[in-house]
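Written out below as structure tokens is the structure these notes cover.
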Protein chains: 2
Amino acid sequence: MTLAQDMTAQMTAALRKAGVRVTRQRIALLAVLVGADDHPDAEELYKRTKRVEPAVSLATVYRTLSVLEAEGVVQRHSFEGGGARFEATGPAHHDHIVDLDSGEVFEFNSDKIERLQEQIAAELGYDLVHHRMELYCRRRKP
Amino acid sequence: MTLAQDMTAQMTAALRKAGVRVTRQRIALLAVLVGADDHPDAEELYKRTKRVEPAVSLATVYRTLSVLEAEGVVQRHSFEGGGARFEATGPAHHDHIVDLDSGEVFEFNSDKIERLQEQIAAELGYDLVHHRMELYCRRRKP
DNA sequence: GCATTTTTGCGAATGATTATCAATCTCCTT
DNA sequence: AAGGAGATTGATAATCATTCGCAAAAATGC
Ligand SMILES: [Mn+2]
Ligand SMILES: [Mn+2]
Ligand SMILES: [Zn+2]
Ligand SMILES: [Zn+2]
């Protein structure tokens with residue numbers, strides 16, 4: 001059993017326990033999400049899912065993404081320009097760098113920044129629920 | 001001459017110099033933006049501008065906001081949920097805290113975080129062009 | 001297998017934003 | 001002050017991503 005298969009197995013079990021029905025199209029989309037190493041949008045996820053499970057519609061992709069987001073299994077990002085992009089929730093939090101020229105998305109993590117965010121919220125009397133932090137960059141000119 | 005009037009005077013001069021025609025509706029919208037101390041969306045800016053200059057349309061508000069954004073005079077924000085919100089560009093950069101319960105937007109600034117962002121981009125071989133950083137918070141439970 | 005309750009696919013609806021285009025206005029030149 | 005080239009406007013249609021409505025199909029529990 002591959003790692004991706006194991007992850008989906010665990011996830012479907014969790015979903016079932018949460019009262020969410022595990023359908024063919026949900027399994028397929030989940031597999032696509034777990035297997036993706038990028039940040040595709042709904043249309044792209046639809047295309048990839050259709051390859052595995054032709055009996056899926058774009059509406060269902062959108063609906064399932066919302067369900068999976070509510071369950072905490074996927075995360076939705078709204079980078080500048082264009083629609084929402086998605087990724088399976090991984091073990092570790094990270095933020096994103098967007099290459100303005102290629103559109104590619106990279107990931108990074110800074111404990112220092114994470115701590116400072118908490119601190120800033122706390123100083124103003126707030127609890128930080130979540131945040132958004134995106135660096136829009138260009139390759140450095142040599 | 002009030003401070004807001006002075007600011008708009010300077011701005012219109014700069015716009016004219018940049019080849020942008022200064023119309024009644026642009027002056028009015030600019031005044032509204034400079035006078036605002038919040039982060040209104042296009043519809044709200046339309047309402048406020050109409051009070052001062054009834055001869056304005058929502059389409060023109062959108063178009064003018066894009067023009068002013070291109071000139072660097074206003075900034076566009078896309079917080080979670082809802083459409084774009086705008087503010088006149090101030091003297092100092094700042095980031096935002098969004099109160100998840102009230103929807104209110106507050107501002108903050110952290111030189112440390114700004115520096116860390118530059119550093120992270122640089123380490124990955126990138127030049128930071130701009131960034132987005134928003135803290136979604138709830139008032140701390142006492 | 002059967003009943004109950006969800007989920008799906010299709011297409012229509014939505015909401016924010018942009019495009020079209022003839023009429024109007026700005027601003028530079030006489 | 002008048003003229004005219006070219007930019008801007010208002011009204012409305014068009015876009016685009018996303019959501020909705022509903023009858024048919026599928027998943028779960030017994
Ligand atoms: Mn990511
Ligand atoms: Mn602000
Ligand atoms: Zn983070
Ligand atoms: Zn900042």
Side-chain angles (χ1 to χ4, degrees), chain A residues 8-9 11-30 32 39-50 52-71 73-86 103, chain B residues 8-9 11-30 32 39-47 49-71 73-86 103:
Chain A
T8 29
M11 283 174 176
T12 55
L15 290 178
R16 227 181 247 107
K17 190 154 60 180
V20 174
R21 293 194 178 175
V22 178
T23 65
R24 244 169 318 116
Q25 5 318 57
R26 286 180 177 171
I27 292 169
L29 176 53
L30 200 43
V32 167
H39 298 78
D41 62 13
E43 196 78 43
E44 175 63 22
L45 287 167
Y46 172 50
K47 281 186 210 149
R48 295 185 194 177
T49 304
K50 251 196 317 196
V52 164
E53 172 56 69
V56 70
S57 69
L58 182 55
T60 291
V61 167
Y62 273 110
R63 275 185 298 231
T64 302
L65 285 170
S66 292
V67 169
L68 296 179
E69 184 186 16
E71 296 298 326
V73 176
V74 309
Q75 277 173 269
R76 176 191 308 256
H77 304 294
S78 295
F79 302 126
E80 285 183 3
R85 302 171 68 163
F86 303 84
Chain B
T8 31
M11 283 175 175
T12 55
L15 290 177
R16 229 182 245 107
K17 190 153 58 181
V20 174
R21 293 197 176 171
V22 177
T23 65
R24 240 166 324 113
Q25 14 302 69
R26 285 180 177 173
I27 293 170
L29 176 53
L30 200 43
V32 167
H39 300 78
D41 62 14
E43 196 77 43
E44 174 64 23
L45 287 167
Y46 173 50
K47 281 186 210 149
T49 304
K50 251 194 317 197
R51 275 178 224 146
V52 164
E53 174 55 71
V56 70
S57 68
L58 181 56
T60 291
V61 168
Y62 273 111
R63 275 185 300 233
T64 303
L65 285 169
S66 292
V67 169
L68 296 179
E69 183 187 17
E71 296 299 325
V73 175
V74 309
Q75 278 172 267
R76 176 190 308 257
H77 303 294
S78 296
F79 301 126
E80 285 183 4
R85 302 173 66 164
F86 303 84

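We name chains A, B, ... by the order of the sequence lines, and we start the count at 1 in each one.
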Considering only distance and modelled atom types, tabulate donor-acceptor pairs under 3.5 Å from the side chains of residues 16-23 of chain B, sequence neighbours left out.
residue: B:T23; atom: OG1; partner: B:R26; partner atom: N; Å: 3.2

Tell me, please, which residues at least two apart from [X] pass side chain to side chain donor-acceptor pair (under 3.5 Å).
X     : result
B:E71 : none
A:R85 : none
A:E44 : A:R48

| query | How would you list, by chain and number, every residue that makes a ring pair (Phe, Tyr, Trp, His ring centres under 6.0 Å) with B:F79, sequence neighbours excluded? | reply |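 By the ring pair (Phe, Tyr, Trp, His ring centres under 6.0 Å) rule, B:F79 matches B:H77, B:H96.
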
| Within this structure, what is the CD-to-C1' distance between A:E43 and D:dT18, rounded to whole angstrom? |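 Whole-Å distance recorded here is 11 Å.
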
| For atom CD1 of B:I27 and atom C1' of D:dT8, their distance in whole Å | 13 Å

If you restrict it to nitrogen or oxygen atoms, what contacts under 3.5 Å exist between nucleotides 27-30 of chain D and the protein, and what is each distance?
residue: D:dA27; atom: N3; partner: A:R21; partner atom: NH1; Å: 2.9
residue: D:dT28; atom: OP1; partner: A:R16; partner atom: NE; Å: 3.3
residue: D:dT28; atom: OP1; partner: A:V22; partner atom: N; Å: 3.0

| Overall bend - the helix from C:dG1-D:dC30 to C:dT30-D:dA1, comparing terminal axes fitted on five pairs, nearest 10 degrees |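 Answer rounded to 10°: the end axes differ by 40°.
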
| field | First-last contacting nucleotides on DNA chain C - partner chain B, under 4.0 angstrom, heavy atom | value |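 Taking any atom under 4.0 Å from a heavy atom of chain B, the span is C:dA16 to C:dC27.
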
| request: Kindly state which residues belonging to residues 76-84 of chain B come within less than 4.0 angstrom of DNA chain D, counting heavy atoms of the residue only, listed by number. | output: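 Of all residues in residues 76-84 of chain B, none places a heavy atom under 4.0 Å from DNA chain D.
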
Could you list the donor-acceptor pairs under 3.5 angstrom formed between side-chain atoms of residues 53-67 of chain A and any protein atom two or more places apart in sequence or on another chain?
residue: A:E53; atom: OE2; partner: A:A55; partner atom: N; Å: 3.1
residue: A:S57; atom: OG; partner: A:T60; partner atom: N; Å: 3.2
residue: A:S57; atom: OG; partner: A:T60; partner atom: OG1; Å: 3.2
residue: A:T60; atom: OG1; partner: A:R63; partner atom: NH2; Å: 3.1
residue: A:T64; atom: OG1; partner: A:T60; partner atom: O; Å: 2.8
residue: A:S66; atom: OG; partner: A:Y62; partner atom: O; Å: 3.4
residue: A:S66; atom: OG; partner: A:R76; partner atom: NH2; Å: 3.4

| remark: A:A28 and A:T49 have their tightest heavy-atom pair at CB-CG2, 3.7 Å

| note | Here the residues of residues 57-65 of chain A within 4.0 Å heavy-atom distance, strictly under, of DNA chain C are A:S57, A:A59, A:T60, A:R63

